K.L.:
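Have a look at this one.
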Amino acid sequence: SDVYKRQSSTASHVAVVRPPPIAQPEVVQATFSPKQEKMLNRKVREWTEKLHKMPKAASALAWKHKGQEYVASFTELPVADDMGIERVVVEISTEQDGRRLSSEVHLKRLAFSNYAQFVNRWDPNVEIYNDALDGRFHSNTEINVAYDRKGQPLFEGKVTTTSRRINVTRRRGLTKRDQIFVGGLQTGVRRIGLPKKFVAFSDEGDISDDQIHRFARDTRITFHADGAFAWQAIDAASPELAGTLSDGTTYLIADEKAALHVKGTVNGKVLVYSPERIVIEDDLVYAQSPEESSDADDYVGLVSDKNVDVAGPEITGPGDLLINAAIYAKRRFAVRRYSARGKALLYLYGSLTAGTISATEPRYHTRIQFDRRLEKLRPPGFPMTDRYEVESWEANWNVEPIE
């Protein structure tokens, strides 16, 4: 059109003046000397094990090595919500030949849900035989494994143990260690302790009253795929009540000495806590499977200061049992009547932490598949370890002149 032509004509005579680009200083890098590298690796390893003991006020540490002064500054990154993982950025710096050298380490605090399986004390009467585990495994004591021509355990993730050895209780055949510990094996590591008492949330937290449901008696909770859940006291002829999981996170909390029995399909983010016992009575699965969809956002945490049990076959039935959850049983994770004959599969998609674990065979052979989403998030308020790990570290110096 004429209007378009006139506008274009006018615009063609306007000179656009852009400021020259601001020159960005080139980042100069230098490698650690062999002595610096050894010293800094030792320091970072100490921080991963002892950072939780540092007082909050201690935001920096200074030390000397070979006559040279170093400073480490610690910055805690804010956690978005009750599913976040704590992170700390550590800037290490020193001065040398009129230049400032710095290096940045990112540390992530490990939740117990970061482990596919974590065991505080391995039951000496239990052996790992025809079981498969995906994801990292840790035990604070020696573990028992067994293999023969019919079966063998498979650890697809890294295995760590405080013990100096792995106890092979039965061996038949030519299976090699690296065929069992596919993800690697490290013995003699430092012990990782369980918290004395689980605290789901602090009084100063952002958890509102409508996110918390409390149960005074032994209660059966059934989850439904539409986001609803129902509950009924087990020891009384009381009516079944119903509610809906919060749009954010939901806490289902039992009072002292009250057990919670769970089953169903969960559509939401929920933590189930009992100081006494949690009993899994049937399949407990997500409405949207993270194994099938990258957009899946359902999370379940089952946390007990004592026990988490799989109910007997008279309740669960004789077939396979599917559990989608991160489980924390401070005292014991147990399969009731594990000696019942059967060839069923106990399939846990998530993670399992326990003070100790009962046998599962012959009732079940066990498959634990780690939920990779738990590397970045945890179920609401899920327990944290006292250990950090290096999430990222470009292990060299950034060099800049001292002005």
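The figures here come from the full heavy-atom set of this structure, side chains too, leaving out hydrogens, waters and symmetry mates. Quick caveat, the model's predicted, so the values are computed rather than measured. Count residues from 1 along the sequence.
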K.L.:
Which residue pairs pass the ring-ring contact (aromatic ring centres under 6.0 Å, His included) test with at least one member in residues 277-319, sequence neighbours excluded?
P.N.:
none
K.L.:
Restricting to non-hydrogen atoms, name the atom on A132 and the atom on R367 that form the minimum distance, rounded to 0.1 Å.
P.N.:
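Reported closest heavy-atom pair: CB-NH1, 2.9 Å.
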K.L.:
Just wondering, do M39 and F32 contact through their side chains at under 4.5 Å, heavy atoms?
P.N.:
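Answer no - side chains too far apart.
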K.L.:
Ignoring hydrogens and angles, tell me if any N or O in the side chain of K158 forms a donor-acceptor pair with the backbone of Q186 under 3.5 Å.
P.N.:
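No.
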K.L.:
Taking V88's backbone N and O only, do any of them form a donor-acceptor pair with R109's side chain (distance below 3.5 Å, no angle check)?
P.N.:
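Not at all, since once roles are kept as given, no pair shorter than 3.5 Å links the two residues.
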K.L.:
Please find the pair of heavy atoms, one from F215 and one from A258, that lie closest to each other, and give the distance.
P.N.:
O-CB, 4.0 Å
K.L.:
Heavy-atom count check: over 12 atoms from other residues, nucleotides or ligands less than 6.0 Å from D247 CG?
P.N.:
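Check fails, neighbour count at 12 or below.
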K.L.:
Sort and list the pairs that fulfil side chain to side chain donor-acceptor pair (under 3.5 Å) and have at least one residue in residues 383-393, not counting sequence neighbours.
P.N.:
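As it turns out, the side chain to side chain donor-acceptor pair (under 3.5 Å) pairs with a partner in residues 383-393, which skip direct neighbours, are R87-E391, S103-W393, R136-E389.
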K.L.:
Rounded to the nearest 0.5 Å, what separates atom CD1 in I166 from atom CG in L185?
P.N.:
5.0 Å
K.L.:
So, Q29 versus E394: side-chain donor-acceptor pair below 3.5 Å or not?
P.N.:
yes
K.L.:
Hey, does L284 have a side-chain heavy atom less than 4.5 Å from the side chain of L302?
P.N.:
yes
K.L.:
Which value, rounded to the nearest 0.5 Å, describes the distance between R373 atom CZ and D298 atom CG?
P.N.:
7.0 Å
K.L.:
Tell me every residue that passes ring pair (Phe, Tyr, Trp, His ring centres under 6.0 Å) with F118, counting only those two or more places apart in sequence or in another chain.
P.N.:
F112, Y115, H138
K.L.:
Check side chain to side chain contact (heavy atoms under 4.5 Å, CB included) between N120 and all other residues, then give those that pass, not counting sequence neighbours.
P.N.:
N140, R191, L194
K.L.:
The criterion is ring pair (Phe, Tyr, Trp, His ring centres under 6.0 Å); which residues satisfy it with F181, sequence neighbours excluded?
P.N.:
F155
K.L.:
Side chains of Q96 and W397: do they bring a donor and an acceptor to under 3.5 Å?
P.N.:
no
K.L.:
Kindly indicate, with the supporting measurements, whether the criterion side chain to side chain contact (heavy atoms under 4.5 Å, CB included) is fulfilled by L245 and V266.
P.N.:
CA-CA 9 Å; L245 298 180; V266 179; 4.1 Å; yes
K.L.:
Can you find a heavy atom in the side chain of T249 that is under 4.5 Å from one in the side chain of L271?
P.N.:
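They are not in side-chain contact.
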K.L.:
Examine distances only and state if a side-chain atom of D283 and a backbone atom of L322 form a donor-acceptor pair shorter than 3.5 Å.
P.N.:
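Confirmed, D283 side chain pairs with L322 backbone.
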K.L.:
Please evaluate residues K176 and D178 with respect to the criterion salt bridge (Lys or Arg N to Asp or Glu O under 4.0 Å), reporting the C-alpha separation (whole Å), side-chain torsions for both, the decisive distance (0.1 Å), and the verdict.
P.N.:
CA-CA 6 Å; K176 297 180 180 179; D178 58 7; over 6 Å; no
K.L.:
Please assess T94 against H65 for the test side chain to side chain contact (heavy atoms under 4.5 Å, CB included), listing each intermediate value before the final yes or no.
P.N.:
CA-CA 11 Å; T94 187; H65 178 72; over 6 Å; no
K.L.:
Taking the side chain as every heavy atom from C-beta outward, state whether L107 and V90 have any pair of such atoms under 4.5 Å apart.
P.N.:
yes
K.L.:
Show me the pairs that pass ring-ring contact (aromatic ring centres under 6.0 Å, His included) and involve residues 333-372, at least two apart or across chains.
P.N.:
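Qualifying pairs, neighbours excluded: none.
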K.L.:
So P318 and P313, do their side chains get closer than 4.5 Å, heavy atoms only?
P.N.:
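No - every pair of side-chain heavy atoms lies 4.5 Å or more apart.
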K.L.:
Please round to the nearest 0.5 Å and tell me the distance separating atom OH of Y129 and atom CD of Q152.
P.N.:
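Going from OH on Y129 over to CD on Q152, the span is 9.5 Å.
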K.L.:
Can you name the side chain to side chain contact (heavy atoms under 4.5 Å, CB included) partners of T141, sequence neighbours left out?
P.N.:
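Once residues adjacent in sequence are excluded, the partners of T141 under the side chain to side chain contact (heavy atoms under 4.5 Å, CB included) criterion are R121, W122, S139.
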K.L.:
Can you find a pair of side-chain heavy atoms, one from P379 and one from L374, that are under 4.5 Å apart?
P.N.:
yes
K.L.:
Measuring only between side-chain heavy atoms, which start at C-beta, is D131 closer than 4.5 Å to Q117?
P.N.:
no
K.L.:
Quick one: list whatever passes side chain to side chain contact (heavy atoms under 4.5 Å, CB included) with E104, sequence neighbours left out.
P.N.:
V89, H106
K.L.:
Identify the heavy atoms of A225 and A287 that sit nearest to each other, and give their distance.
P.N.:
O-CB, 4.0 Å
K.L.:
Could you tell me if the side chain of K35 sits less than 4.5 Å from the side chain of K38, heavy atoms only?
P.N.:
no
K.L.:
Run the numbers on K306 and R277 for side chain to side chain contact (heavy atoms under 4.5 Å, CB included), then give the verdict.
P.N.:
CA-CA 6 Å; K306 291 185 180 178; R277 185 183 305 276; over 6 Å; no
K.L.:
Treating T244 as the side-chain partner and G227 as the backbone partner, does any N or O pair qualify as donor plus acceptor under 3.5 Å?
P.N.:
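A pair under 3.5 Å: no.
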K.L.:
What's the separation between atom OG1 in T169 and atom CD1 in I128, rounded to the nearest 0.5 Å?
P.N.:
9.5 Å
K.L.:
Which side chain to side chain donor-acceptor pair (under 3.5 Å) pairs, counting each pair once, include a residue from residues 43-53, with sequence neighbours left out?
P.N.:
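Listed by first then second residue: E49-R190.
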K.L.:
Ignoring hydrogens and geometry beyond distance, is a side-chain donor-acceptor pair present between D210 and S208 at under 3.5 Å?
P.N.:
yes
K.L.:
Apply side chain to side chain contact (heavy atoms under 4.5 Å, CB included) to F229 and V270, showing your working.
P.N.:
CA-CA 11 Å; F229 68 102; V270 58; over 6 Å; no
K.L.:
Output the distance between atom NZ (K108) and atom CG (L110), rounded to the nearest 0.5 Å.
P.N.:
6.5 Å
K.L.:
Tell me the closest heavy-atom pair linking R378 and A111, and the distance in Å.
P.N.:
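Taking R378 first and A111 second, the nearest heavy atoms are CD-CB, 4.2 Å.
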K.L.:
To the nearest 0.5 Å, tell me how far S102 OG sits from E91 CD.
P.N.:
5.0 Å
K.L.:
Might you point out which heavy atoms bring R372 and G135 nearest each other, and give the distance in Å?
P.N.:
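Scanning both residues completely, I find the closest heavy atoms to be NH2-N, 4.2 Å.
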K.L.:
For residues 252-274, pull every pair meeting side chain to side chain donor-acceptor pair (under 3.5 Å), keeping only residues two or more places apart or in separate chains.
P.N.:
H261-E281, Y273-D305
K.L.:
Determine yes or no for a side-chain-to-main-chain donor-acceptor pair under 3.5 angstrom, with D320 supplying the side chain and L345 the backbone.
P.N.:
yes
K.L.:
Residues two or more places apart in sequence or in another chain: which of them pass side chain to side chain contact (heavy atoms under 4.5 Å, CB included) with R217?
P.N.:
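With sequence neighbours excluded, R217 shows a side chain to side chain contact (heavy atoms under 4.5 Å, CB included) to A233, D235, A236, S238, given in chain and number order.
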K.L.:
Without hydrogens or angle criteria, can the side chains of T161 and E142 be said to hold a donor-acceptor pair below 3.5 Å?
P.N.:
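Side chains of T161 and E142: no pair found under 3.5 Å.
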K.L.:
Is N144 reaching over with its side chain to a backbone N or O of P124, donor-acceptor style, under 3.5 angstrom?
P.N.:
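Judged by distance alone, yes, a pair lies under 3.5 Å.
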K.L.:
Tell me, which pairs form a side chain to side chain donor-acceptor pair (under 3.5 Å) where one or both residues lie in residues 322-336, sequence neighbours left out?
P.N.:
D309-R336
K.L.:
Near E400 CD, under 6.0 Å, is it more than 12 heavy atoms from other residues, nucleotides or ligands?
P.N.:
yes
K.L.:
Side chain of D134, backbone of E156: donor and acceptor closer than 3.5 Å?
P.N.:
no
K.L.:
Could you pull out the closest heavy-atom pair between I85 and V79, with the gap in Å?
P.N.:
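Minimum heavy-atom contact is O-CG2, 4.2 Å.
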